[in-house]
Amino acid sequence: MKIKPLADRVVIKKLEAEEKTKSGIVLPGSAKEQPQMAEVVEVGPGGVVEGKEIKMEVKVGDKVIFSKYAGTEVKLEGQEYTILRQNDILAVVE
Amino acid sequence: MKIKPLADRVVIKKLEAEEKTKSGIVLPGSAKEQPQMAEVVEVGPGGVVEGKEIKMEVKVGDKVIFSKYAGTEVKLEGQEYTILRQNDILAVVE
Amino acid sequence: MKIKPLADRVVIKKLEAEEKTKSGIVLPGSAKEQPQMAEVVEVGPGGVVEGKEIKMEVKVGDKVIFSKYAGTEVKLEGQEYTILRQNDILAVVE
Amino acid sequence: MKIKPLADRVVIKKLEAEEKTKSGIVLPGSAKEQPQMAEVVEVGPGGVVEGKEIKMEVKVGDKVIFSKYAGTEVKLEGQEYTILRQNDILAVVE
Amino acid sequence: MKIKPLADRVVIKKLEAEEKTKSGIVLPGSAKEQPQMAEVVEVGPGGVVEGKEIKMEVKVGDKVIFSKYAGTEVKLEGQEYTILRQNDILAVVE
Amino acid sequence: MKIKPLADRVVIKKLEAEEKTKSGIVLPGSAKEQPQMAEVVEVGPGGVVEGKEIKMEVKVGDKVIFSKYAGTEVKLEGQEYTILRQNDILAVVE
Amino acid sequence: MKIKPLADRVVIKKLEAEEKTKSGIVLPGSAKEQPQMAEVVEVGPGGVVEGKEIKMEVKVGDKVIFSKYAGTEVKLEGQEYTILRQNDILAVVE
């Protein structure tokens, strides 16, 4: 079973604290309850969205930093995901 | 009797809890009263909507995840439906 | 005497409860005081509206579902009408 | 002395109750203090307004229904007028 | 010393009560403290403003009616002026 | 050391009361704490800003009137400056 | 490990008080808790962002002044960064 995002949307899975520590990324205090690091799980097709051509720049497996409060949370087979617009992804961490 | 949505609108029928459990999709706690999984029942023609070309990407029978609070509820011959814009549909679940 | 709507506006006449029951359409509780089913009485010419080409998709006699709170009410020769933009009409019921 | 409206503006003169009754048009209760029927007195030239081509559709002498609260009131030689954008005129009554 | 407005801005000088009476123009009660009649003193060059082509339609010496609260007041050599966008001028009085 | 504004931004230095008096420009009472006269110190390159072509119309040395509350204040080597968009400059005083 | 900003975003590192003093730049009182001077650490690729062509004008190493409250803070390997849009950068200091 898969979530296939429409248009310029991306499905991400938030990274747990330990994963973030392992990867050396720590977010400041106030963000502790609201982790902003995630891994890209699915990427929409992009194309013309609301009359604007959107090219998808992130790909599955990317570690990304995203806007607080962005997107919609959904649970599928016991795993929580967030669906957001690519524009709510600020950066890729390499 | 049929609801034929205009422009880029889509008619959906929310999935009942049992259907969602059967399909393995569960939404997080706070969304329990507000199920976000639905099946597409009718799809508008798309075309130029508010000056922007909109191509319909969902089709009848698709299981979709949609934005909380989006759309308008209507009851037809005892069945409740929601009419929303395709843009309020976040993803198709396969 | 006729109301000729300008641009992409449409004049509708709300359907009474009995008419709706007869046609098998019932709206959910909260909408009872605010019927959302109506019949199209006049259709504006469409054309370029606020710089966007609008094609009229509804026609006189269509039964439509429209957005709650949309439009302006007006009384003409004892009959109440609502004038709204075509974009506030969600669907045609057939 | 004349008020010549700029761009897509129109000068209207609200119709008095007796005139409306004579013409068979009555507005619903809440609108009684705020008559929405008026006669067009002057019409702006239209043209490109805020980057959009606007064609004037109303003409002097038209009886029109307009949006509540729209426009600016002005008094000239003892007569009150309202100056509003053509887009705030909903319909012509014939 | 001159105020040369930029883009689609216009410099106007509000007309005093006596001038308005003389010219037969009187504004309704609530507007008494806030005179809306003015004379155009300077006109900006127009051209492409915020990506839209704006043609200046008013000229120096025009008597105009303008939007309440529009523009910025400035005092130059003892005389008060208002600088506003041409779009805040509703009509020319002839 | 220089502040080089980006895009359609301009760096201005507010004029002191004495300078304004000397130049014959006085701003009305309420604006006394918030002087709106300034001298242009640096001008950005203009060009395509947010998808719109912006041509810079002011130049270094211009005395300008600007929108109250517009821009961001910054202190460099003991001197205060304001950085604002050219669009927040209302007029040049000559 | 690197933060690679998407689209027209820029990663900056706020300058500490001593650095600012050394460089002769001091920000006014109220901004003391909220330093607005930073060094550019990473620059996004620009290109078509939300349907508008954006050319990146800042480069790594630039000292910049940016809008208060703009952007999102993130901590990576013990160092705090801010990710913002280039449009929130007001000027480069040379």
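Reckoned from all heavy atoms, side chains included, excluding hydrogens, waters and symmetry mates. Since the model is a prediction, treat every value here as computed from it, not as a measurement. Chain A is the first sequence line, chain B the second, and so forth, proteins listed ahead of strands; every chain is numbered from 1.
For the pair Q36(A) (side chain) and I65(A) (backbone), a donor-acceptor distance under 3.5 Å is absent. Looking at Q86(B), its side chain never comes within 3.5 Å of a backbone N or O of D8(B) through a donor-acceptor pair.
Neither the backbone nor the side chain of E42(A) comes within contact range of chain B; no heavy atom of the residue lies under 4.5 Å from a heavy atom of that chain. Using a 4.5 Å cut-off between heavy atoms, V58(B) contacts chain A through its side chain alone, with no backbone atom that close. Contacts between I3(A) and chain B at a heavy-atom distance below 4.5 Å involve backbone atoms as well as side-chain atoms.
For the residue pair L15(A) and K63(A), the shortest heavy atom distance occurs at CD1-CD, 3.5 Å.
Your options are V49(B), I89(B), I54(B), and the one with the most heavy-atom pairs under 4.5 Å with chain A is I89(B).
With respect to K14(B), the salt bridge (Lys or Arg N to Asp or Glu O under 4.0 Å) criterion is satisfied by exactly one of E80(B), E39(B), E73(B): E73(B).
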